[in-house]
Every structure is written in C-alpha cells, then in structure tokens.
Amino acid sequence: MDPMIEVIDLNKSFGSQTVLKQINLKVYNQEVVVIIGPSGSGKSTFLRCLNLLEQPQGGTILIEGQSLMDPNIKISNIRAEVGLVFQQFNLFPHMKVIDNITIAPIQVRKWPVEKARSKAVELLAKVGLSEKADVYPDSLSGGQAQRVAIARALAMEPKIMLFDEPTSALDPEMVGEVLAVMKDLAKEGMTMVIVTHEMDFAREVGDRVLFMEQGIIVEEGTPEEIFERPIHERTKSFLSSRNGYAFLLQGRHPF
Amino acid sequence: MDFRLDIIIDYLPLILKGAMLTIGISLLSIILGSILGLVIGFGKMSSKMIVRWPMSAYINFFRGTPLYVQILMVHFGLIPLVLGRTDPITAAIIALSLNSAAYTAEIFRAGIQSMSAGQLEAAYSLGMSHRQAMQFIILPQAIKRMIPAFGNEFIVLVKDSSLVAIIAAPEIMYWSNGMSGQYSRIWEPYLFASLIYFILTYSLSKLLNVLERKLA
Ligand SMILES: Nc1ncnc2c1ncn2[C@@H]1O[C@H](COP(=O)(O)OP(=O)(O)O)[C@@H](O)[C@H]1O
Ligand SMILES: [Mg+2]
C-alpha cells in the first residue's frame with residue numbers, strides 16, 4: 001500500500017541556518033508516528049513543512065502520492081486534508097466555539113450550514129464539550145481550548161492529523177483530557193504525526209517513535225526499541241535527561 | 001468688546017447648511033477613502049514588488065504633500081481633466097478621499113500586521129485561501145483594533161475638510177469667511193465656526209468610544 005505521507009530528502013533552512021537535513025519518512029494509513037527530541041531540533045518546522053506553512057528548500061513531500069512541490073497543485077486543497085493542532089491552540093477569538101468549528105467546513109468544503117453544525121455538535125460531544133458550543137474561546141480553560149482546536153481540525157474530516165506539542169502549553173492537570181481525545185482518535189484509526197514530550201503517551205499510542213536532533217532523524221523504531229533499547233548515545237542522553245529513561249531503569253522495567 | 005449675536009443669527013441658516021455639507025463631504029470621503037485605503041493597504045503588503053511599489057509611492061505622496069496643494073490640483077487639474085469642467089463639491093470629496101486613503105491604508109496595514117501569525121496559520125491549515133483567511137479571520141479582528149486610529153482619522157478629516165472653502169465648496173468655513181467679509185468681523189464668524197467643528201468632532205469621539213466599548 002502507498003504511504004499516506006512520504007518525505008524524501010527534505011531540506012529546510014532559515015537564512016544560513018539549516019534546520020532540517022535530508023529528512024526521509026513514510027507514514028502509512030492509520031499509523032501513529034511520534035516525534036521526540038530537544039527544543040530547537042526542527043520538530044515544529046518539520047510538521048509545518050508537511051502542510052507547507054513552511055516552504056522547504058529541497059526534497060519532496062508526497063501526501064497520498066500527490067507531490068506538494070508540484071507547482072500546479074492548490075495548496076489549500078492539500079491543507080484541507082491535513083489537520084494541524086498547534087501548541088498555542090490558535091482558536092479564533094472573535095467567534096463562538098461552534099463557529100470556530102463550522103467556519104472551514106462551510107467556507108472551504110461548501111457544506112450547508114445545517115450539516116456543518118450537526119457535525120460540530122457531534123465533535124463537541126466527542127471531545128466532551130457539548131455545553132460549550134455557544135461560548136467564546138476566552139472563557140475556556142487551556143485543556144478545553146485545545147480540545148476545541150482538535151474538534152475544529154476534525155470537522156474538515158482530514159485524512160491526516162498533525163499535532164505540534166498539543167499539551168506543552170497546558171497546566172499539568174489538563175494534559176490528560178487532551179491526551180485522552182488523541183488516544184481515541186488513534187484507536188479509531190486516524191493517521192497521525194505527533195510531536196510531544198509526553199513519553200508515556202508516546203509509548204502507549206505510538207506505532208513508531210522518531211528521535212530528532214539538530215535537524216536530523218537520529219533514530220527511529222517502535223516505542224519499545226526507542227525507549228528501552230535506544231542505540232544512539234544522543235537518544236540515550238536525551239531520554240535520561242528528560243527523566244524518562246532514568247525512570248524506566250529505576251522502576252517499572254528492571255533489566 | 002462687543003459681540004454681535006445678530007450677525008450670527010443672520011448667517012445661521014447658511015452656516016447650518018454648510019455644516020450639513022461638511023458632514024456629507026466628510027462621511028463620503030471617509031467611506032470612499034477607506035475602500036480605497038483597504039485596496040492600497042493590501043497592495044502595500046503584496047509579495048510582488050510591482051504591486052507594492054506604486055502603493056508606497058501613493059501613500060508617500062499623499063502623506064508627504066500638503067492637503068491644500070492636493071485640493072487645488074484635484075479641483076483645477078484632475079476634475080476638469082475627467083469631467084471637462086470642475087465642480088467644487090465633487091473636487092472636495094475626491095481630494096479628501098484620495099488623501100484619507102493614504103492614511104487609512106496605513107491603519108489597515110498596521111492593524112492586519114498586528115495580528116499574530118498563528119491566526120493566519122490556523123486559517124490556512126484548515127484549507128482556507130488567503131482571501132478567505134482575510135475575510136473571515138483576520139479582518140474582523142483587525143478592524144476592531146483599528147477603530148481608535150480610524151476614528152482619529154475621521155476626526156482629522158472633518159477638521160481638514162475646512163480647507164475646501166478655498167475652492168468655494170459651500171461648507172462651514174465658506175460661509176464663515178463670507179460672514180467675516182460682509183461684516184468685517186473676526187471673532188463672531190470664526191468662534192462660531194470653531195464651536196460647530198468642536199460639536200461635530202466631540203460627538204464623533206463620544207460615538208467612537210461607545211462603538212469601541214460595544215465591540216470590545
Ligand atoms: N520562522 C523562523 N525563522 C527563523 N528561524 C526559525 C524559524 N522557525 C524556526 N526557526 C529556527 O529553526 C530551529 C528549529 O525550530 P523548531 O522547528 O521550532 O524546533 P522545535 O519545534 O524542535 O523546538 C530553531 O533554531 C529555530 O530558532
Ligand atoms: Mg516546536
């Protein structure tokens with residue numbers, strides 16, 4: 001089967017600073033790929049290249065076999081199929097929650113308002129926020145805002161969902177509610193690429209884990225391989241510095 | 001000092017008619033100026049040099065030269081060129097619109113550029129085109145932020161419209177000048193004109209405060 005996402009020799013730089021170096025990746029249908037790595041390693045830039053919020057300098061990205069580099073494609077058509085959830089939510093503050101969710105299906109997909117609203121109501125129920133349909137985003141907690149942002153992305157019925165540290169801006173007690181929604185999505189078979197520092201979540205939900213550092217995919221494998229038997233020194237030191245690896249050594253998984 | 005109320009009363013109907021014209025000219029000019037300003041403001045943000053450059057030139061010209069000169073050029077140059085003859089009220093509206101477009105263009109540009117990149121990126125990542133993102137996400141928020149600067153521009157425009165008396169558009173100053181000439185008086189016509197301008201601009205600023213609070 002063809003991959004949903006195929007990245008070949010991707011290069012990206014800002015001015016003279018090279019941020020992504022020869023990245024290669026295939027993500028298959030219904031796969032959940034988790035990217036971990038230190039801050040500044042290019043994880044966000046990589047995700048943003050996948051829907052052309054950043055323009056790469058070299059290489060190829062194929063979404064369902066369609067090259068994003070083809071000058072004849074309409075970028076907005078590709079983006080409509082690829083949902084992106086931001087660390088900072090980026091909800092539209094001048095619109096009620098329900099309108100945040102329906103605006104794109106109505107304007108981009110040209111759905112009738114009724115259809116868009118019933119889809120939105122269904123998604124709000126799914127993320128546990130049915131009672132918030134008619135409030136404005138500034139009255140939501142961080143965890144609620146992020147769940148609305150996920151619902152907003154899902155309303156377009158995307159084939160792929162990208163998450164850029166969706167819980168990093170949240171108070172610790174709200175992380176769980178967002179991760180729970182993402183777990184449900186994974187169970188339903190959504191194809192996802194997730195940048196996160198939540199190692200337990202990565203281990204539980206990820207089919208594959210990528211360790212990225214300084215613009216390179218240093219190591220790639222199943223959660224077991226990466227978390228329990230990392231090969232590269234840099235992976236090991238990253239995991240231990242985040243306490244994840246140390247924790248594993250101490251407690252639950254004695255060697 | 002004697003103060004002749006009788007000559008004010010004498011001129012009152014004319015000056016009130018003039019005030020209506022001042023309001024009319026100002027309103028039309030701010031509307032036309034804003035529409036043109038929106039186009040020019042977006043043009044100035046274009047990624048294409050060929051679009052950006054003329055817009056910058058326009059803004060620099062109208063902000064960098066006296067409105068007085070612009071009014072004369074429009075009245076004696078531009079309008080006759082287009083209509084074959086000139087008309088003071090038309091010339092007044094066109095000159096003030098062209099001038100205020102340069103200022104509103106900068107207000108629009110600053111308002112739009114003050115929006116966080118995240119809003120535009122969120123709109124794009126939902127598949128919106130640039131036009132849709134502007135129309136539904138960026139402009140509605142940016143316009144709210146622009147209201148104070150925009151209101152200020154409107155107030156300046158009302159005051160600056162007094163300059164069109166020089167091309168004999170019969171607004172407040174035209175009649176005040178007439179009154180001054182007819183009776184050889186200074187204080188009555190100009191204090192009374194000031195009072196009317198003040199009432200207009202003061203009500204306008206109050207109105208804008210209310211609007212701002214309602215939209216906040
Ligand atoms: N728009 C930009 N302009 C210039 N440099 C950028 C820009 N975005 C990111 N960078 C730089 O690229 C590098 C990778 O950033 P990023 O992809 O945000 O890393 P991560 O998400 O892994 O923390 C950093 O050094 C960052 O400073
Ligand atoms: Mg990042």
Side-chain angles (χ1 to χ4, degrees), chain A residues 44 47-55 63 74-95 99-111 116 136-138 145-146 148-164 169, chain B residues 34-35 37-38 41-42 45-52 104 107-151 207-216:
Chain A
S44 297
L47 277 196
R48 293 157 58 82
C49 283
L50 294 181
N51 72 355
L52 290 192
L53 285 180
E54 301 289 356
Q55 192 70 45
I63 303 283
K74 248 185 103 183
I75 296 170
S76 54
N77 289 347
I78 300 285
R79 287 180 179 145
E81 308 301 330
V82 182
L84 175 57
V85 174
F86 301 85
Q87 184 175 340
Q88 299 295 340
F89 330 136
N90 292 336
L91 292 180
F92 306 132
H94 61 303
M95 293 178 178
D99 299 321
N100 262 273
I101 300 174
T102 57
I103 180 81
I106 291 170
Q107 298 300 336
V108 178
R109 292 258 191 254
K110 309 293 180 201
W111 285 7
Y136 284 89
D138 61 7
Q146 193 60 295
V148 170
I150 294 172
R152 178 177 71 176
L154 290 175
M156 288 294 287
E157 301 187 333
K159 295 179 178 139
I160 299 164
M161 284 285 283
L162 310 175
F163 293 84
D164 190 2
Chain B
S34 302
I35 295 168
L38 190 62
F42 269 105
M45 287 184 284
S46 165
S47 55
K48 295 186 191 73
M49 176 80 171
I50 187 98
V51 180
R52 219 166 48 229
T104 51
I107 294 171
F108 278 123
R109 190 183 59 81
I112 287 165
Q113 289 184 341
S114 78
M115 295 287 304
S116 79
Q119 289 289 302
L120 196 57
E121 290 176 353
Y124 283 162
S125 68
L126 289 166
M128 288 191 203
S129 64
H130 185 70
R131 195 189 60 73
Q132 287 172 328
M134 282 296 151
Q135 181 181 347
F136 300 112
I137 308 305
I138 302 300
L139 271 179
Q141 295 184 66
I143 282 173
K144 249 190 244 178
R145 298 182 185 196
M146 292 171 199
I147 287 173
F150 201 73
L207 204 73
L208 285 159
N209 282 347
V210 172
L211 187 66
E212 217 175 311
R213 230 171 306 130
K214 266 211 175 133
L215 287 177

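Per chain, numbering begins at 1; letters A, B, ... match sequence-line order. A quick note: this is a predicted structure, and the numbers were derived from the prediction, not measured.
- Both the backbone and the side chain of B:Gln119 have a heavy atom closer than 4.5 Å to some heavy atom of chain A.
- Among the candidates A:Leu91, A:Leu52, A:Leu162, the residue making the largest number of heavy-atom pairs closer than 4.5 Å to chain B is A:Leu91.
- Of all the heavy atoms in A:Phe92 and A:Ile103, the pair that sits closest is CE1-CG2, 4.1 Å.
- No side-chain donor-acceptor contact under 3.5 Å links B:Ser125 and A:Asn51.
- Using a 4.5 Å cut-off between heavy atoms, A:Phe86 touches chain B through its side chain atoms alone.
- B:Ile112 is listed as a side-chain neighbour of B:Leu139, based on a closest heavy-atom distance under 4.5 Å.
- Most heavy-atom pairs under 4.5 Å with chain B, from the set A:Arg109, A:Arg152, A:Lys74, A:His94: that is A:His94.
- Both the backbone and the side chain of A:Gln107 have a heavy atom closer than 4.5 Å to some heavy atom of chain B.
- Ion pairing between A:Arg48 and B:Glu121 holds under the 4.0 Å rule for side-chain N and carboxylate O.
- Inter-residue side-chain proximity for A:Trp111 and A:Thr102 is flagged as unmet; no heavy-atom pair is nearer than 4.5 Å.
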